[in-house]
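All remarks here apply to the structure that follows.
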Amino acid sequence: MLRPARKRRTTRTSRKSALLGAAALGAALALTSTSAQAATPAPGHYVALGDSYAAGAGVPGQSAGLCLRSDRNYGHLVAAALRAGAYTDVTCAAAKVKAMTQPQYDAFIRVNDPQLDAVTADTDLVTLGIGGNDLGATDLGLGELVGVCIAGAVVNPLGTPCKDFFHHGYWDWSSWSWQYGNDDLADRIAAAKPQIADTLKRIHGKAPNARVLLVGYPSVLPADGSKCFLRQPVTAGDVEYMYGTLGKLNAMLKSTAAANGATYVDTATPTVGHDVCSDDRWIEGALPGSPAVPFHPNATGEKVMADAVLAALK
């Protein structure tokens, strides 16, 4: 009768040891998690600068009038995750690089002050998402490109009307082939580079102790234009042309950040496969399925961009 009792006591002891071991493991994991969070200290003053992709244009809830600023944009999400002591969001839809140092107007209405006015000596974290609207020659910015591509697809649905327009395509009778001239969009990317470099230098000058992050653009379009067939009103060839253009823009932002004391945030990689032509869109298309300005991130897209910023801060 004694032997079974010992067996039961042994079993209870083993279970108790297992429970104690699990508790110890849980405590260790909790400490690890706490340490990981502590690796990114809470900023005292975080300032978010940028255009509609940074503003979260169209994502509820909206504020700041025509700036279309969302309380669920990546800046707000980052500020909340880091428990920033103070957060200033001056992002604004349609902003070009010049909006960093000049007031922004829309139809002669002043919609935003110079964004760099928000950066002060006590600022210790800055995110900047800018450059996309400088691809457009008008105040419409990226909207201009979208309009040209959609209008061109109506008259030339099997060609590359958008590429032909911006890349100055023409038929060369001497070689009996289609040729291209200068690429206006590539030229505009090159022209924006020194302006963005100057902006980064100004930020460092105003806030010498700030960590500065230059945030790239997400994967708005797929690399394979055929995936957009009957999904978006843009030709397959133009999808691939614009995909390449956005790749050049992001490459410019990355090199400019590296040369000017900033950290580049890659938001294209984590959004691959969730473009405007995807079945699971994080960037909305011409007819948004969830609240967002066309060809801009929805709430999920902004969350993924926030995660990319947080990862870059570690």
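One is the number of the first residue; the rest follow in order along the sequence. These values consider heavy atoms only, across backbone and side chains, with no hydrogens, waters or symmetry-generated copies.
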Handout entry: Smallest separation among heavy atoms of S70 and P60, with atom names
Key = OG-O, 3.5 Å
Problem - E284 vs P291 side-chain heavy atoms within contact, under 4.5 Å - result: no
Practice task
Take atom CZ of R72 as the centre, draw a 6.0 Å sphere, and report whether it contains more than 12 heavy atoms from other residues, nucleotides or ligands.
Solution key: no
Handout entry: ILVMFWY network linking L185 to V146, side-chain heavy atoms under 4.5 angstrom
Key = yes
Problem - Axial cation check for Y180 ring with K163, 6.0 Å and 45° limits - result: yes
Practice task
Carefully, step by step, assess T101 and R202 under the rule side-chain contact (heavy atoms from CB on, under 4.5 Å).
Solution key: CA-CA 9 Å; T101 56; R202 289 174 182 269; 3.9 Å; yes
Problem - Between E302 and T300: side-chain donor-acceptor atoms closer than 3.5 Å - result: no
Exercise for the section: Could you go through the side-chain contact (heavy atoms from CB on, under 4.5 Å) check for N73 and V59 one step at a time? Expected result: CA-CA 8 Å; N73 63 26; V59 178; over 6 Å; no
Practice task
Please answer whether the main-chain N or O of V276 pairs with a side-chain N or O of Q232 as donor and acceptor at a distance below 3.5 Å.
Solution key: yes
Exercise for the section: Check whether any side-chain heavy atom of L253 sits under 4.5 Å from a side-chain heavy atom of Y264, and report yes or no. Expected result: yes
Practice task
Would you name the heavy atoms of G56 and Q62 that are closest together and state the gap between them?
Solution key: O-NE2, 3.2 Å
Problem - Pairwise side-chain contact, W178 with D172, heavy-atom cut-off 4.5 Å (strictly under) - result: no
Exercise for the section: Report the C-alpha separation of L128 and M100 in whole Å, then their side-chain angles, then the decisive distance to 0.1 Å, and conclude whether the side-chain contact (heavy atoms from CB on, under 4.5 Å) test is met. Expected result: CA-CA 10 Å; L128 170 63; M100 298 299 108; 3.7 Å; yes
Problem - Residue pairs passing the side chain to side chain donor-acceptor pair (under 3.5 Å) test where at least one lies in residues 131-140, sequence neighbours excluded - result: T138-E144
Handout entry: Residue pairs passing the ring pair (Phe, Tyr, Trp, His ring centres under 6.0 Å) test where at least one lies in residues 210-242, sequence neighbours excluded
Key = Y53-Y217
Handout entry: Shortest non-hydrogen separation from T40 to L313 and the atoms involved
Key = OG1-O, 3.8 Å
Handout entry: Residue pair D275 / S278, side-chain donor-acceptor N/O under 3.5 Å
Key = no
Problem - Heavy-atom pair with the smallest gap, counting every atom of T267 and G216 - result: OG1-O, 2.9 Å
Exercise for the section: Decide, yes or no, whether a salt bridge links D279 with R231 under the criterion of side-chain N to carboxylate O below 4.0 Å. Expected result: yes
Problem - Heavy-atom side-chain contact between N260 and I196 under 4.5 Å - result: no
Problem - Under 3.5 Å donor-acceptor, K227 side chain and C277 backbone - result: no
Problem - Heavy-atom side-chain contact between S52 and L68 under 4.5 Å - result: no
Problem - Flag side-chain contact, heavy atom, 4.5 Å: F166 against V148 - result: yes
Exercise for the section: Answer yes or no: is there a donor N or O on one side and an acceptor on the other, between the side chain of D238 and the main chain of C149, under 3.5 Å? Expected result: no
Exercise for the section: Classify the angle between the aromatic ring planes of Y87 and H76 as parallel (below 30°), tilted (30 to 60°) or perpendicular (above 60°). Expected result: perpendicular
Handout entry: Enclosure of Y243 OH (heavy-atom neighbours >12, cutoff 6.0 Å)
Key = no
Practice task
Locate the shortest heavy-atom distance separating D266 from T269; write the atom from each residue and the value.
Solution key: OD2-OG1, 2.5 Å
Exercise for the section: Taking all heavy atoms of G289 and all of R281, pick out the closest pair and write down the distance. Expected result: N-NH2, 3.6 Å
